[in-house]
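Side chains included, hydrogens not; waters and symmetry mates left out as well; all remaining heavy atoms used. Residue numbers count from 1 along this sequence.
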Amino acid sequence: MTTAQALRSDHFDEWLQGINQVCGRFGAKLLGSEFSGAIREYKAGAIKLSFVDVAQARLFRTQKEVAQSDGKHFYLAIQLNGHAGMEQSGNSIEMGPGDITLIDSTLPSDFVYRENSCQLSLILPRHMVEQGLRFSGVRCAQRIPASSPVAVLANRLILESTRQASLSLPESEATLEAVVSLLRPAIGAAEAEQDVHERMFRKTLRFIDENICAEELCPETIAREVGVSVRGLYRMFARKGLVVAQYIKNRRLDFCAESLRHATAEQKLSALGYAWGFTDSSYFSTAFKARFGVSPSEYRKRYSQG
């Protein structure tokens with residue numbers, strides 16, 4: 001190996017290490033002798049994104065890399081300069097400047113960069129995307145053209161957020177929620193709205209939200225009220241990759257989190273959890289930390305300081 005090749009290999013390894021530290025576990029391969037790469041991270045409150053510069057490299061996640069990563073989020077990839085190929089779940093797209101796509105971190109994916117390319121990668125919390133789309137189906141690996149209004153607005157919002165001197169946690173989360181709302185027409189499977197099964201599913205979700213505080217909310221009650229069998233209810237949720245009891249728990253936790261963002265220090269956490277259907281305070285605390293990464297008290301503290 002020549003000195004130039006050794007230096008290039010060292011640079012490549014250093015770049016991949018930076019990718020793994022900032023974006024989660026990825027594998028990579030050189031595609032030519034003119035590799036170049038750099039990564040810059042930006043954090044502000046709930047916003048975590050990176051600017052990835054690269055040429056002549058392939059970046060991928062197989063089941064192995066997925067299994068080695070803790071995060072179960074979505075990546076919003078924005079092509080800033082150059083072009084890139086991207087593939088996930090059988091969908092293959094070519095991205096040019098300003099184009100956007102959504103990637104599921106729990107599934108294998110493949111990026112190919114043959115020319116000088118700059119790509120922004122924004123992490124979107126899974127619960128935020130799911131809540132924003134209400135499980136209508138998330139369309140990943142679809143090219144959102146740079147010329148489309150949602151891409152223009154999302155690009156401006158995300159890039160402008162990186163130019164702010166400081167964003168509080170509430171402000172940064174509001175920014176992420178705005179991004180999800182902007183992209184809803186492009187990443188939500190709107191065509192399913194006309195399907196009778198989809199209408200029944202949405203009716204069921206509305207009933208759950210309307211009765212989320214009720215301790216007795218359970219699959220049997222839900223099935224009876226919306227007019228399906230319990231087995232049919234399970235099948236309805238299974239088609240979305242969901243489990244009824246898990247969905248109810250996560251919705252309660254989402255509402256708890258929203259309440260905590262506005263809670264005072266004097267409010268008892270056990271009372272708040274009870275108000276949203278959690279009768280066991282220890283279970284509530286454990287479940288909340290599993291979903292949001294911090295305890296209810298730490299979550300409230302973050303917002304009181306924001």
Side-chain angles (χ1 to χ4, degrees), residues 22 24 41-50 69-76 105-106 122-135 157-158 160-162 164-184 205-206 208-218 242-306:
V22 174
E41 187 178 19
Y42 171 85
K43 289 183 178 180
I47 295 176
K48 182 179 179 181
L49 59 82
S50 57
S69 298
D70 295 329
K72 295 183 178 180
H73 44 260
F74 291 94
Y75 297 103
L76 187 70
S105 73
T106 67
L122 170 68
I123 291 179
L124 291 177
R126 195 169 202 89
H127 72 270
M128 191 176 289
V129 175
E130 291 175 345
Q131 187 174 349
L133 294 178
R134 303 299 287 119
F135 295 98
L157 177 58
I158 294 168
E160 186 58 37
S161 70
T162 67
Q164 302 306 306
S166 62
L167 284 174
S168 67
L169 186 59
E171 289 169 341
S172 63
E173 284 207 338
T175 301
L176 292 179
E177 289 169 354
V179 171
V180 173
S181 295
L182 275 173
L183 296 175
R184 185 181 295 122
L205 297 187
R206 286 194 299 271
I208 290 174
D209 275 4
E210 290 165 0
N211 297 272
I212 198 68
C213 297
E215 181 184 345
E216 62 274 13
L217 187 65
C218 64
L242 303 171
V243 177
V244 180
Q246 183 74 30
Y247 176 79
I248 294 172
K249 181 182 75 172
N250 285 341
R251 284 302 283 163
R252 283 174 169 161
L253 291 170
D254 290 341
F255 283 117
C256 285
E258 184 177 352
S259 296
L260 281 171
R261 291 197 286 270
H262 307 286
T264 62
E266 294 75 25
Q267 185 173 6
K268 289 186 176 181
L269 295 174
S270 58
L272 185 145
Y274 186 83
W276 291 108
F278 289 98
T279 57
D280 185 323
S281 59
S282 177
Y283 174 72
F284 164 57
S285 181
T286 300
F288 190 95
K289 187 171 183 178
R291 183 152 176 82
F292 296 102
V294 295
S295 66
S297 58
E298 179 63 26
Y299 192 86
R300 177 174 61 185
K301 183 180 178 181
R302 287 184 180 184
Y303 278 87
S304 65
Q305 292 175 341

Original post:
Has the side chain of Asn211 got a donor or acceptor atom that lies under 3.5 Å from a matching backbone atom of Ala214?
Top reply: no
**OP:** Look at the side chain of Glu258 and the backbone N and O of Asp254, then say whether any donor-acceptor pair between them is shorter than 3.5 Å.
**Re:**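 Side chain of Glu258 to backbone of Asp254: no pair is present.
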Nearest heavy-atom neighbours spanning [X] and [Y]:
{"X": "Met128", "Y": "Leu176", "result": "SD-CB, 3.4 Å"}
{"X": "Asp209", "Y": "Arg251", "result": "OD2-NH2, 2.7 Å"}
{"X": "His73", "Y": "Arg126", "result": "O-NH1, 3.5 Å"}
{"X": "Phe278", "Y": "Lys249", "result": "CZ-O, 3.9 Å"}
{"X": "Leu157", "Y": "Thr175", "result": "CD2-O, 4.0 Å"}
{"X": "Ser161", "Y": "Tyr42", "result": "O-OH, 3.0 Å"}

Subject >> Worked check of side chain to side chain contact (heavy atoms under 4.5 Å, CB included) between Glu173 and Arg261 >> reply: CA-CA 11 Å; Glu173 284 207 338; Arg261 291 197 286 270; 3.7 Å; yes
Set of residues satisfying side-chain contact (heavy atoms from CB on, under 4.5 Å) with respect to [X], sequence neighbours excluded:
{"X": "Cys213", "result": "Trp276"}
{"X": "Val294", "result": "Glu298, Tyr299, Arg302"}
{"X": "Thr279", "result": "Glu215, Tyr274"}

Any chance you could measure [X], atom [atom1], to [Y], atom [atom2], to the nearest 0.5 Å?
{"X": "Ile208", "Y": "Ile248", "atom1": "CD1", "atom2": "CD1", "value": "5.0 Å"}
{"X": "Arg300", "Y": "Ser295", "atom1": "CZ", "atom2": "OG", "value": "9.5 Å"}
{"X": "Leu205", "Y": "Leu242", "atom1": "CG", "atom2": "CG", "value": "8.5 Å"}
{"X": "Ile158", "Y": "Leu49", "atom1": "CD1", "atom2": "CG", "value": "8.0 Å"}

**OP:** Show your working on side chain to side chain contact (heavy atoms under 4.5 Å, CB included) between Tyr75 and Ile123 and close with a plain yes or no.
**Re:** CA-CA 5 Å; Tyr75 297 103; Ile123 291 179; 4.2 Å; yes
Original post:
Parallel, tilted or perpendicular for Phe288 and Phe284, by the 30°/60° rule?
Top reply: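 Perpendicular: the ring planes of Phe288 and Phe284 meet at over 60°.
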**OP:** Kindly determine whether Leu272 and Phe255 satisfy side chain to side chain contact (heavy atoms under 4.5 Å, CB included), including the steps that lead there.
**Re:** CA-CA 10 Å; Leu272 185 145; Phe255 283 117; over 6 Å; no
**OP:** Tell me, with the steps shown, if Leu269 and Ser285 meet side chain to side chain contact (heavy atoms under 4.5 Å, CB included).
**Re:** CA-CA 9 Å; Leu269 295 174; Ser285 181; over 6 Å; no
